[in-house]
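A short write-up of the structure that comes next.
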Amino acid sequence: MSPIRIAMWSGPRNISTAMMRSFGARADCHVVDEPFYAAFLRDTGLIHPMNDEVLAAQPNDWRDVVPTLLAPTPNNEPIFYQK
């Protein structure tokens, strides 16, 4: 069964972070935080805090990120919150 996907990819950062933390506290929800950030850094060449760590930890190509956002959640949680 496909999870309910909530993609909050814009809006004031403090609101989206508060929402992410709220959904992350739920046992029935899987949360991802800024899944396209490494791809953004690589494609733009911008240097942001923890640049090297982000590039090493996340996929650097948006085409590798999309399938993970469309896949089932890792533990079959029924809600998938994507910040």
Scan the side chains in residues 26-33 for donor-acceptor partners under 3.5 Å anywhere in the protein, sequence neighbours excluded, and list what turns up.
{"residue": "Arg26", "atom": "NE", "partner": "Asp28", "partner atom": "OD1", "Å": "2.8"}
{"residue": "Arg26", "atom": "NH2", "partner": "Asp28", "partner atom": "OD1", "Å": "3.3"}
{"residue": "Arg26", "atom": "NH2", "partner": "Asp28", "partner atom": "OD2", "Å": "2.7"}
{"residue": "Asp33", "atom": "OD1", "partner": "Lys83", "partner atom": "NZ", "Å": "3.2"}

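- Thr68 OG1 to Phe80 CZ: the interatomic distance, rounded to the nearest 0.5 Å, is 6.0 Å.
- With sequence neighbours excluded, the residues satisfying side-chain contact (heavy atoms from CB on, under 4.5 Å) with Ala7 are Trp9, Gln82.
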Under 3.5 Å, which donor-acceptor pairs link side chains of residues 35-45 to any protein atom two or more places apart or in another chain?
{"residue": "Tyr37", "atom": "OH", "partner": "His48", "partner atom": "ND1", "Å": "2.9"}
{"residue": "Arg42", "atom": "NE", "partner": "Asn60", "partner atom": "O", "Å": "3.2"}
{"residue": "Arg42", "atom": "NH1", "partner": "Asn60", "partner atom": "O", "Å": "3.3"}
{"residue": "Thr44", "atom": "OG1", "partner": "Phe40", "partner atom": "O", "Å": "2.8"}
{"residue": "Thr44", "atom": "OG1", "partner": "Leu46", "partner atom": "N", "Å": "3.2"}

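- Evaluation of the side-chain contact (heavy atoms from CB on, under 4.5 Å) rule for Pro67 yields no partner, not counting sequence neighbours.
- Under the 4.5 Å side-chain heavy-atom criterion for Ile, Leu, Val, Met, Phe, Trp and Tyr, Ile47 and Met50 are members of distinct hydrophobic clusters.
- The minimum heavy-atom distance linking Ala71 with Pro3 is given by the pair O-CG, 4.5 Å.
- Residues passing the side-chain contact (heavy atoms from CB on, under 4.5 Å) test with Met8, sequence neighbours excluded: Ser16, Met19, Tyr81.
- Contacts of Arg21 classified as side-chain contact (heavy atoms from CB on, under 4.5 Å), with partners at least two apart in sequence or in another chain: Thr17.
- Counting non-hydrogen atoms of neighbouring residues, nucleotides and ligands closer than 6.0 angstrom, the CG atom of Leu69 exceeds 12 such neighbours.
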